[in-house]
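Worksheet for the structure shown next.
Order of the sequence lines fixes the chain letters, A, B, ..., with proteins taken first and strands second; residue numbering starts at 1 for each chain. Computed from a predicted structure; not experimentally measured.
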Amino acid sequence: MKLKHLIESQQLTVDILSELFSVADDMRANPKKYSDSLKGKILAALFYEPSTRTRFSFESAILKLGGQVIGTENAKEFSSAVKGESLEDSIRIISAYADVIAMRHDEEGSAKRASEVSSVPIINAGDGKGQHPTQALLDAYTIKREFNRLNNLKIAMVGDLSSGRTVRSLCYLLAKFKEGIEIIFVSPEHLRMRGDIKEYLQKHDVPFRESSDLNSVLQQADIIYMTRIQKERMSLEDYEKAKGKFIINKENFNLIKPTARILHPLPHVEEIDLPIETEKQDKRVAYFRQAENGLYARMALLLHLLKD
Amino acid sequence: MKLKHLIESQQLTVDILSELFSVADDMRANPKKYSDSLKGKILAALFYEPSTRTRFSFESAILKLGGQVIGTENAKEFSSAVKGESLEDSIRIISAYADVIAMRHDEEGSAKRASEVSSVPIINAGDGKGQHPTQALLDAYTIKREFNRLNNLKIAMVGDLSSGRTVRSLCYLLAKFKEGIEIIFVSPEHLRMRGDIKEYLQKHDVPFRESSDLNSVLQQADIIYMTRIQKERMSLEDYEKAKGKFIINKENFNLIKPTARILHPLPHVEEIDLPIETEKQDKRVAYFRQAENGLYARMALLLHLLKD
Amino acid sequence: MKLKHLIESQQLTVDILSELFSVADDMRANPKKYSDSLKGKILAALFYEPSTRTRFSFESAILKLGGQVIGTENAKEFSSAVKGESLEDSIRIISAYADVIAMRHDEEGSAKRASEVSSVPIINAGDGKGQHPTQALLDAYTIKREFNRLNNLKIAMVGDLSSGRTVRSLCYLLAKFKEGIEIIFVSPEHLRMRGDIKEYLQKHDVPFRESSDLNSVLQQADIIYMTRIQKERMSLEDYEKAKGKFIINKENFNLIKPTARILHPLPHVEEIDLPIETEKQDKRVAYFRQAENGLYARMALLLHLLKD
């Protein structure tokens with residue numbers, strides 16, 4: 001099975017994930033073997049919303065495979081969008097100049113619309129409150145590398161679960177490995193996980209529950225998936241209510257099991273407040289390894305989409 | 001004959017065009033043959049005005065020839081221009097870092113000024129109300145591909161003819177193939193083609209006329225060259241007067257001859273209002289092919305300017 | 001001796017400079033020899049402050065060595081910095097995607113902080129009022145090329161000496177070649193060279209003095225190092241007091257010795273007001289050659305930092 005586009009994490013079947021993980025591992029071990037794999041291929045990094053990290057990760061991925069990049073970090077302000085052009089027209093034209101398009105946009109559903117007119121693969125690099133499937137991919141890849149399994153895990157998701165794309169995408173993915181998966185949602189009252197995901201988990205028999213006692217959850221979870229309260233996606237009042245509510249710091253860090261891991265899609269701000277030395281040395285801090293895994297996961301995906 | 005810079009479409013002689021068209025066709029048919037043609041060459045994409053599409057097209061062109069890119073999509077705000085540096089100084093320095101400069105600027109005549117101090121070829125990628133010769137080049141290349149000739153054609157130019165660079169540049173070019181060329185200008189009263197172009201056409205014996213009856217023109221023309229009313233280059237009052245006046249939509253589309261073609265430099269907004277299916281399937285809609293032709297036309301131009 | 005990072009010009013020992021100058025000369029003479037030297041290496045150009053010229057220079061340098069670039073020209077506004085991420089976290093993550101980071105930031109000391117967490121070499125491309133060591137490197141390289149020596153020179157530094165990074169970095173460097181070095185500072189009263197540099201020069205036995213008589217200095221100096229009054233780093237009142245005070249123009253240009261050279265880190269504005277023909281033809285105008293030297297100096301530095 002081969003994907004044409006990657007729009008939502010539901011498309012990542014167990015087989016595809018397994019292929020991507022093993023290719024990603026091989027790329028890490030043997031970078032030279034792949035250094036010309038995508039020679040002559042051009043990635044368009046089309047970011048209507050800023051995200052330096054995600055853009056860098058995609059650009060580095062195609063370059064390490066021998067490909068090239070054209071891109072904009074501010075498509076919204078600079079492109080013909082300001083002249084009133086439809087997204088569809090922009091994509092039609094850019095797909096004549098590039099071999100694959102990684103697109104970040106602020107409207108939910110925009111990546112799907114792009115894929116309907118594009119002559120080249122579209123990778124959804126985040127569509128508003130919608131999905132961010134390559135983040136889910138790298139999250140799963142990180143879990144695989146840290147635990148050597150994707151089942152029999154108790155996963156706490158903490159923070160802004162309502163507008164957080166990453167936790168939504170990850171839920172879809174975890175539902176595929178449901179054996180022994182248990183999810184605990186920890187969020188401020190007004191930022192709870194939305195109903196569509198809960199229904200999805202129910203339908204796929206993935207047990208989940210909600211809690212507001214972070215410290216008790218920290219003692220039980222194998223994975224603590226922290227997220228940032230996204231100030232830019234809510235009212236100031238909602239932000240003030242949520243801010244500083246669920247924090248991992250020196251005080252509660254050692255409640256976490258020695259075998260557990262903290263993940264975070266980054267950037268993190270005050271929700272994780274640990275000394276630099278702890279971040280550097282304690283195995284439980286996995287979020288910088290997670291960011292690096294993003295590079296290899298995206299390399300594997302690009303090769304999957306572009307190989308003949 | 002070899003060009004040093006490309007500043008205005010008048011420089012594109014019949015011989016040069018013929019060479020560029022045939023190289024462009026060959027590049028499309030045999031991309032691998034050219035994939036290292038400009039290895040080691042660097043294009044500076046120096047955009048003082050935003051134009052994602054044109055920039056992408058140039059960047060993709062040099063990359064597909066094995067070259068590389070340095071660039072800025074916002075030279076006006078970010079470069080040393082804000083510190084008060086003259087354009088001439090910027091060009092002198094950038095020409096030490098790059099092998100060719102594609103430059104978009106908001107001042108008419110700026111590309112010419114740049115060419116006077118640059119040690120490397122300058123390509124005018126649009127200078128305010130001045131010219132945009134690579135657009136004229138790709139327009140002519142599109143006409144050649146669609147009709148297999150550049151003479152004996154009745155060409156309607158529709159929309160903002162006063163500030164539209166593309167129609168101005170195209171007029172200069174068509175004057176070279178004057179046999180059987182006839183031009184019809186269709187524009188709001190206050191956005192009529194300027195006198196300098198009319199004089200040029202008269203001097204070169206190219207018949208032209210003005211009309212305000214779009215539907216009648218649609219029935220006669222071989223080529224309908226639509227343009228956008230450029231809100232950003234006029235007063236709001238002028239824009240309101242011009243907006244929505246000359247439109248191709250479902251109602252009048254079928255007045256167009258089956259052998260005719262609609263061109264548009266894109267982005268298009270309301271001046272073309274056709275269903276997506278029509279745009280995808282009807283041969284008369286040529287503007288997406290036109291955008292793709294821009295890639296090959298610019299590849300051929302870059303090779304022409306940079307080959308030893 | 002091999003540098004891990006380049007944070008301040010004090011790190012550039014006489015031996016390292018000598019190596020870099022000779023490699024830079026060889027790269028200029030034999031560019032093809034080096035065209036694959038850094039194949040597969042990625043430079044992250046991380047600019048929190050705009051500087052098109054410096055960025056282009058670094059990007060062109062790595063490309064000419066066969067490497068690649070990821071970059072942002074507006075890290076401050078677009079990166080996760082706006083979401084509140086610490087510089088340290090950004091660097092940790094970017095150092096997983098790139099092999100070397102050239103960083104421009106508005107805070108003094110930021111490059112040092114970056115180097116403490118980065119897993120790849122950091123090049124300080126300017127940190128606020130701090131240093132700009134590659135500018136000092138290219139300045140020294142230019143002096144070497146123009147005079148074939150770095151000692152026995154009388155050097156005037158003119159303009160904004162208080163916030164000017166380049167003159168500060170250059171002083172540190174000149175102190176290494178102290179034999180016969182003499183420095184004359186010429187600046188408005190309120191923009192005088194700061195005490196730390198004066199102490200450093202004193203400690204290293206480099207004679208210096210201050211003067212406010214530019215014309216007399218022009219007659220004596222071997223090198224006139226002009227700098228721009230940096231409007232963006234001072235109050236409007238201070239700017240008005242400093243503006244137009246020390247200018248080289250047609251009137252005093254010929255006071256300069258035939259063997260002397262005018263340097264300037266560029267962009268220059270009114271502080272140098274010479275006819276284009278003079279700038280093109282008179283050997284004493286060295287600042288465009290200086291800019292070009294920056295390319296080769298940075299190529300040599302990149303190779304030094306990245307070679308195995």
_Region of E270(C) that comes under 4.5 Å of a non-hydrogen atom in chain B_ = neither
*State the OH-CZ distance between Y97(B) and R298(C), to the nearest 0.5 angstrom.*
6.0 Å
*Out of curiosity, L295(C) CG to I93(B) CD1, how far, rounded to the nearest 0.5 Å?*
12.5 Å
_Proximal component of E49(C), with respect to chain B [non-hydrogen, under 4.5 Å]_ = neither
*When rounded to the nearest 0.5 angstrom, what distance separates OG in S60(C) from CD1 in I94(B)?*
11.0 Å
*Part of F56(C) within contact of chain B (heavy atom distance under 4.5 Å)*: both
_Is D36(C) close to chain B through its backbone or its side chain, or both, or neither, when contacts mean heavy atoms under 4.5 Å?_
side chain
_If you define the side chain from C-beta out and look only at heavy atoms, does anything of I42(B) sit under 4.5 Å from E59(C)?_
no
*Go through the atoms of K39(B) and report whether side chain, backbone, both or neither lie under 4.5 Å from a heavy atom of chain C.*
side chain
_At a heavy-atom distance under 4.5 Å, which candidate from K280(C), E292(C), R55(C) has the highest pair count against chain B?_
R55(C)
*If you measure from OG on S119(B) to CZ on F288(C), what distance do you get to the nearest 0.5 Å?*
11.5 Å
*Assess whether side-chain contact (heavy atoms from CB on, under 4.5 Å) is satisfied between R92(B) and I276(C), documenting all intermediate values.*
CA-CA 11 Å; R92(B) 265 190 205 114; I276(C) 281 199; 3.6 Å; yes
*asked:* Treating R53(C) as the side-chain partner and S90(B) as the backbone partner, does any N or O pair qualify as donor plus acceptor under 3.5 Å?
replied: no
_Minimum heavy-atom distance L63(C)-V69(B), with the two atoms named_ = CD1-O, 3.6 Å
*Taking atom NZ of K32(C) as the centre, does the number of heavy atoms from other residues, nucleotides or ligands within less than 6.0 Å exceed 12?*
no
*Flag yes if more than 12 heavy atoms outside K307(C) fall under 6.0 Å of its NZ atom; otherwise flag no.*
yes
